Number of protein chains: 2
Amino acid sequence: MASVLRTLSAADDPANAPAPDGATFADASRSLLRRTLLEAARDLAADRPWRSVTMAAIAGRAGVSRQTVYNEFGSRPRLTEALVLHETEEFLTAVGDAIRRHPADPSEALSAALGVFLQAASEDALVAAVIREDGRDDLLPLVTSEGRPILEHGTGRLAVMMRETWPVLRGPEADFLAGTVMRLGLSYVVLPVADAERDATARGIADLVRPYVESLLARDGG
Amino acid sequence: MASVLRTLSAADDPANAPAPDGATFADASRSLLRRTLLEAARDLAADRPWRSVTMAAIAGRAGVSRQTVYNEFGSRPRLTEALVLHETEEFLTAVGDAIRRHPADPSEALSAALGVFLQAASEDALVAAVIREDGRDDLLPLVTSEGRPILEHGTGRLAVMMRETWPVLRGPEADFLAGTVMRLGLSYVVLPVADAERDATARGIADLVRPYVESLLARDGG
DNA sequence: TACCGTGCGTCCACGTGCTTGACATCGAGC
DNA sequence: GCTCGATGTCAAGCACGTGGACGCACGGTA
């Protein structure tokens, strides 16, 4: 009976529930903090070697105390990893957009996606920093010898994009194709092609995988 | 001498200053809160009459306590005013984009801007709410009898846009032109034209002011 | 008219998280 | 070896959102 007597506060009304898209302020604020810090780190890394970008500088640039950086990331290596993952995520978003623009033509989609990726990589300040600082910085290992997290994370995201765009694709096939594309992408990050060769490279890779992709799609898509 | 002995903390280093674009987390977080609340209010107003959108519902939708809404806006009338101003700001942004797309052709720019505005107004949920609820709600006065803040704020922003795009314009002329456009815009919010007449209306207004605008621009722009 | 439900506006004790200043530790450079 | 700067950790302080309470005004109802 206590529940009946209890004052009905406004918060109990289901009409006062959070927005359907889950855009509550608390969530958004937390992801905003991470994003602000990672963008501050990326901006600073554009100028000087990553090694010389201090935690204090990142905090200052983001308008936040140094302690907050440690609360959010724990340590410098973990921030570094998050930074590279964040940058990867931005590339994947651009690539995903390019793929979705060509739902009916997988070869064209792959060519466009690779073109977008190569273009973005050639202009990215953090990518430039990675390949500028040969091995003394702790950035390069993250996309090479220690690059498995990126590879697997990116492969997973790419595979999902591909299966969403081309539902005929089976899981293992999408994983393999996505993994191959990711490995090629990472390779072109570390060893870029000249600007003039970029389009030809994108088209070449697309030509290379076209028969494979089309054989998969023709299986029961025809 | 104390200043010499004082420990030099990392925060003193100018290299740790906030980002040049002023994108510190604290600022962004505060504006994020306002935006989240105002969008929650707008979304709720799309369904039901504004009168029935409670402060508790807005807070709940934004994932925030009711008190936070009062800390941010103070009272319901002030939140209402902020909501309308926020919506105005979104319209102004769209209109500004349209103007900037035609820097060389003022008449075309005005026509495009009006077209964008009429289109956006006809689709906007809050605008629909304003004209749906005749006078019992406290929304309508804010764009009519109590509409001076919107008119003056919008006029100022529009005048700045115009002078940026067409530097030949003098201050009073830009103010007058912007004010006239704002008054017309508010009129079409309250008394919209049918969808089919929208383009003709935009062109008509553009034709109307063309001689005036061109006479101003020809003054020393020719 | 008196009653009652509901939303507005305000207050306050509380918790969470960012801030500030300090400290130990480690590695690089003199 | 010593100093300096950066990393990582800690504790106290503080700002701000939270949750619950309250009084008040208003509209509907007996």
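As the structure is a computational prediction, the values presented were derived from the model and not from experiment. Throughout, protein chains are lettered first and strands after them, A, B, ... in sequence-line order, and every chain is numbered starting at 1.
Contact of the A:Met161 side chain with the A:Leu92 side chain is registered, since non-hydrogen atoms from C-beta on lie closer than 4.5 Å.
Of the candidate nucleotides C:dG21, C:dG9, D:dT18, C:dG21 has the atom nearest to the side chain of A:Gln67. Among the nucleotides D:dT18, D:dT7, C:dC8, the one closest to any side-chain atom of A:Thr54 is D:dT7. Comparing D:dA6, D:dC16, C:dC18 against the side chain of A:Ser65 picks out C:dC18 as the nearest. Candidate nucleotides D:dT7, C:dG9, D:dG17 were compared by shortest atom distance to the side chain of B:Met55, and C:dG9 ranks first.
Judged by the 6.0 Å distance and 45° axis criteria, A:Arg100 is not positioned over the aromatic ring of A:Trp166.
Residue B:Phe73 contributes atom CZ, which lies 14 Å from atom P of C:dC8 at whole-angstrom precision. In this structure, A:Arg76 atom CZ and C:dC26 atom C1' are separated by 15 Å, rounded to whole Å. Residue B:Arg66 contributes atom CZ, which lies 13 Å from atom P of C:dC11 at whole-angstrom precision. Note: OH (B:Tyr70) to P (D:dT18) measures 15 Å, nearest angstrom. Here the C1' atom of nucleotide D:dA25 and the CZ atom of B:Arg51 are 12 Å apart, to the nearest Å. Atom P of nucleotide C:dG7 and atom CG of B:Leu44 are separated by 13 Å, given to the nearest angstrom. One can place CD1 of B:Ile58 at 14 Å from C1' of C:dG9, the figure rounded to the nearest angstrom. Rounding to whole angstrom units, CG of residue B:Leu33 and C1' of D:dC16 are separated by 10 Å.
Applying the 4.0 Å criterion to OP1 and OP2 of C:dC8, one finds that B:Ser75 has every side-chain N and O outside that range.
Between the side chains of B:Asn71 and B:Thr68, no donor-acceptor pair of N or O atoms lies under 3.5 Å.
Between B:Glu72 and A:Gly74, the one whose closest nucleotide on DNA chain D sits nearer the 5' end is A:Gly74.
When heavy atoms are screened at a 4.0 angstrom cut-off, A:Arg78 is found touching no nucleic acid atom at all.
The main-chain N or O of B:Phe176 is found under 3.5 Å from a side-chain atom of B:Thr180 such that the two form a donor-acceptor pair.
Rounding to the nearest 0.5 angstrom, the gap separating the CE atom in B:Met182 from the OG atom in B:Ser187 is 12.0 Å.
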